[in-house]
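For ligands, and for the atoms within them, numbers begin at 1 and follow the listed sequence. Along the sequence shown, residues carry numbers from 1.
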Amino acid sequence: MTTHLRVGIIGAGFGGLGTAIRLRQEGIDDFLVFERADEIGGTWQANTYPGAQCDIPSILYSFSFAPEPRWSRLYPLQAEIKSYLEMCTDRFGIRSRLRLGHEVTRAAWDDDAQRWCIDTDRGSWTADVLVAAMGPFSEPAVPKLPGLDTFAGTVFHSAQWNHEHDVTDRRVGVVGTGASAVQFIPRLQPKAGHLTVFQRTPTWIMPHPDRPIHRAVQRLFARVPGVQKAARRALDLVQESLVPGLVYRPALLTGAAAVGRRHLRRQVSDPALREALTPSYSFGCKRPTFSNAYYPALAADNVDVVTSGIASVEENAVVTDDGRRHEIDTLVFGTGFELTGNSGFGTLVGRDGRTLAEQWAGGEMKAYLGTTIENFPNMFMLLGPNSVVYTSQVVTIEAQIDYVLSALAVLGEHDLGSLEVRADVQQDFVERTDDVLAGSVWNSGGCSSYYLSPSGRNFTFWPGFNASFRRRMRALDVADYRVRPRSHADAVVRG
Ligand SMILES: Cc1cc2nc3c(=O)[nH]c(=O)nc-3n(C[C@H](O)[C@H](O)[C@H](O)COP(=O)(O)OP(=O)(O)OC[C@H]3O[C@@H](n4cnc5c(N)ncnc54)[C@H](O)[C@@H]3O)c2cc1C
């Protein structure tokens, strides 16, 4: 017999775990978290590459309802973030609600029964509400390079790091120079015999303000939680101060760009290398990152930065468009994640029988408030399209969880079977979002980035301040939704 749940949650990263904890805090115990991996943590379980680190301060990159006074550093490394999530799982008593090693193979809306049918590789469940917390960065992307299958050396993606493989004295090739590569290249360079970095576009690199958090500060945070809360608020305002430049007036970012250029000048003296590492697009257009070790690593004697595109891969070499052969023993992809082509979208089946992948064909990902999607009743996607605010993604996730809790309350109060965002409401949100983001640095800064769909639509960011997102997510407005009572008659409730 299939067990019925109030809420089914896919994914045990910050999103799924945070939802589980908040449900329990609200007295809702009738839920399960399905996670395909054998451990919790999501991003911080998968990304174990050397140097993996958060680029948002720990105080902000954690749940507001579970402050941790003992963070060892301002910017925590992967292992510490994973431990934090393990601690939260135990402290809030949600371990028994986890179904680890359960991959959701299909979740389909049954419009007659008004419930989700969730199939995993280890059994099936039904649920009134589905929280899709599958993570935008959970499916590694590897470019389809001609000849890659003929490569005889060791090859892996940064999110699937091969810890068994020793790179000592080997000729290592790194494809990609985004946020992950900027973190692992300085760890690879001292070990590798030779390192060839294949760079398509240079990243803006900023001086890293990371430092250990002094014991006295940890003690203060533990004894006077209000101080840590104030620090979190202050850091939130620092992030918020970037929004005017990023969203509304990119010219305001020239000061940040000057800091980045000075950092490069100070750390790289070779003019040719400096030129290769100078971004030709506006600061902020692609994700900038912090590092004090990246430029010195690239300037080391055993490193080549290759800016010619990759034409093909051979048994023991990478061949670039300029005809050069670069001999390689180990090939590491720091090429990011499948964002618009995430295979998880093919497992979610909406009211009309179409999958989310079909609905979002061509990478045109559209949602309402980054969270609900027409044709997918009672489904809430965490970190969905246009939900990302320019701060810790945990802040986005918490706001979205508030929205889920509000939806559950609305369903209960009005004795509703389902809520589905109205097509006109979603379309209106998408158009207003597109209008605002047209002038943002992400759309107008002269780069192509993973923030944009193949057609150039910015499907990533919330069009405004972080605070405005939080405000909008506090309560679900039932007038935005096509609702059905527990009986089958359709209705629209006007607020
Ligand atoms: C290397 C790296 C560094 C980052 N640094 C930062 C940072 O500094 N600041 C920041 O704000 N954000 C950062 N991010 C973004 C980060 O992904 C989010 O902050 C956050 O961890 C997302 O949590 P999540 O729960 O939404 O997704 P995830 O952590 O990705 O968790 C999703 C989970 O869903 C599971 N899952 C997916 N599909 C299925 C299925 N069909 N069945 C069962 N389980 C499934 C996955 O296995 C995974 O465990 C970074 C991301 C990466 C990859």
May I ask you to check whether [X] has an N/O atom sitting below 3.5 Å from an N/O atom of ligand 1?
X: Y61; answer: yes
X: S392; answer: no
X: I10; answer: no
X: Q53; answer: no

Under 4.0 Å from ligand 1, counting heavy atoms only, is it the side chain of [X], its backbone, both or neither?
X: N47; result: side chain
X: R99; result: neither
X: C54; result: both
X: Q45; result: neither
X: Y49; result: side chain
X: I56; result: both
X: T347; result: neither

Please report the C-alpha distance between R106 and D121 in whole Å, then the side-chain angles of each, then the deciding distance to 0.1 Å, and finally whether the salt bridge (Lys or Arg N to Asp or Glu O under 4.0 Å) criterion is met. CA-CA 9 Å; R106 188 170 190 269; D121 51 2; over 6 Å; no
Heavy atoms, side chains only, cut-off 4.5 Å: are [X] and [Y] in contact?
X: F290; Y: I205; result: no
X: F333; Y: F156; result: no
X: S418; Y: Y481; result: no
X: H165; Y: T330; result: yes

Sole residue of S453, S387, P136 in side-chain contact (heavy atoms from CB on, under 4.5 Å) with F459: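 Checked S453, S387, P136 against F459; only one passes side-chain contact (heavy atoms from CB on, under 4.5 Å): S453.
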Evaluate the salt bridge (Lys or Arg N to Asp or Glu O under 4.0 Å) criterion for residues D166 and K191: first the C-alpha distance (whole Å), next the side-chain angles of each, then the deciding distance (0.1 Å), finally the verdict. CA-CA 9 Å; D166 184 4; K191 286 190 173 174; 5.2 Å; no
Report yes or no: does A52 have a heavy atom closer than 4.0 Å to ligand 1?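 For ligand 1, residue contact (heavy atoms, under 4.0 Å) with A52 is absent.
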Would you check whether R287 reaches within less than 4.0 Å of ligand 1, judged by its heavy atoms? yes
Going by heavy-atom distance to atom 51 (C) of ligand 1, choose the closest among T43, L382, V33.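 Shortest heavy-atom distance from atom 51 (C) of ligand 1: T43.
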Go through it in stages, so that I can follow the logic: the residues are D128 and R6, the test is salt bridge (Lys or Arg N to Asp or Glu O under 4.0 Å), and I'd like the CA-CA distance, side-chain angles, deciding distance and then a yes or no. CA-CA 5 Å; D128 291 340; R6 182 92 175 104; 3.1 Å; yes
Go through K82 and E39 one step at a time and tell me if the salt bridge (Lys or Arg N to Asp or Glu O under 4.0 Å) criterion holds. CA-CA 10 Å; K82 169 93 177 351; E39 290 177 65; 2.7 Å; yes
